[in-house]
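Numbering starts at 1 and runs along the sequence shown. Ligands are counted one by one from 1 in listed order, and the atoms in each one are counted from 1 as well.
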Amino acid sequence: MTAAYDSATTKSFYNTWGANEWDRLESSLENQINYRIHKAMLAEFVGPGDAVLEAGAGPGRFTIELARAGAQVTVCDLSDVQLGINREKVAEAGLTDRVTGWHQADIVDLSRFPSGAYDAVVCVGSVLSCVLDRVPEALAEIVRVTRPGGVVIVSVTSRHGYLRAGLAPILRLAGAGQLAAIDSAVTSGDIVGINAGTELLTTHFFTWAELRDALTAAGCEIAAVSASNFLSAESADLDPALLADPEVMEAFVRWELEACRAPGAVDGGTHIIAVARRLAG
Ligand SMILES: C[S@@+](CC[C@H](N)C(=O)[O-])C[C@H]1O[C@@H](n2cnc3c(N)ncnc32)[C@H](O)[C@@H]1O
């Protein structure tokens, strides 16, 4: 990871992006399945009474899930706009009493939160992808505030999976004079200097080996890993009508959840979700 993290740019991007972030996980069938896969992982590792720090919580889709699961959630995000939406959505869901507070904080500096205070730290939706060269510091902070034996649940954008899912448009850009920038992104994982016609935040797309090594270097052992999504990632044939029957949908989600955890699939979805347990000492 070589690109330098700039918190002001990231904050401004997510302040402007605003409520679009709430809509994202419902915006397509693929995103709805991505949401289901994340929820399944959270349900497996977070339970009633757990103290959870949700870092980069955004508008609160997962805050609400964690609160519904009976956890006591502390919310933090870099963006004041996202924090405001989070507070509103949690209130609309009637779960305000399950959130201990909303804090504007950067994952590279969680110094306002005490060491070892949380049973789980949840940092999903490519928040780590945003901090570029500061990933080691961010993970050190996330692990510091997790109690020994507690879990860190992260999800990041996948380098090879995203390349696979977005192959045609990516090759189109490469063939239209942007080969050097695309080649550099594929080689380094840093998405920088690409003109895709919309504003692209500079972020890092991970391989599983990179994420695994960063988590173990931060003092954790891997408890679980999954792609998200694998079967349904940008599948040209995936017409929502094919999954309109709820029974077919449920069976499909079951197949997807199993496929995403297959060793050959972990680098093949648009995201990688990892659960890492903080080692004692
Ligand atoms: C793609 S959204 C994901 C939100 C939520 N975790 C989810 O998955 O629905 C990324 C969020 O991370 C926040 N963020 C980005 N960089 C951050 C940082 N360095 N520290 C804290 N939050 C950050 C953004 O403001 C935004 O709300």
Please assess D77 against N86 for the test side-chain hydrogen bond (donor to acceptor under 3.5 Å, both in side chains), listing each intermediate value before the final yes or no.
CA-CA 10 Å; D77 201 284; N86 187 302; over 6 Å; no
Going by the rule side-chain hydrogen bond (donor to acceptor under 3.5 Å, both in side chains), which residues pair with W17 if we only count those two or more places apart in sequence or in a different chain?
E21
Protein residues having a heavy atom less than 4.0 Å from any atom of ligand 1
Y5, T10, Y14, E21, R24, L25, G56, A57, G58, F62, D77, L78, S79, Q82, A105, D106, I107, V124, G125, V127, C130, V131
Would you check if there is a donor-acceptor pair between the side chains of S232 and E30 at a distance under 3.5 Å?
no
Which salt bridge (Lys or Arg N to Asp or Glu O under 4.0 Å) pairs, counting each pair once, include a residue from residues 117-131, with sequence neighbours left out?
D119-R147
Could you tell me whether the side chain of V225 reaches within less than 4.5 Å of the side chain of I272, counting heavy atoms only?
yes
Quick one: list whatever passes ring-ring contact (aromatic ring centres under 6.0 Å, His included) with F113, sequence neighbours left out.
H103
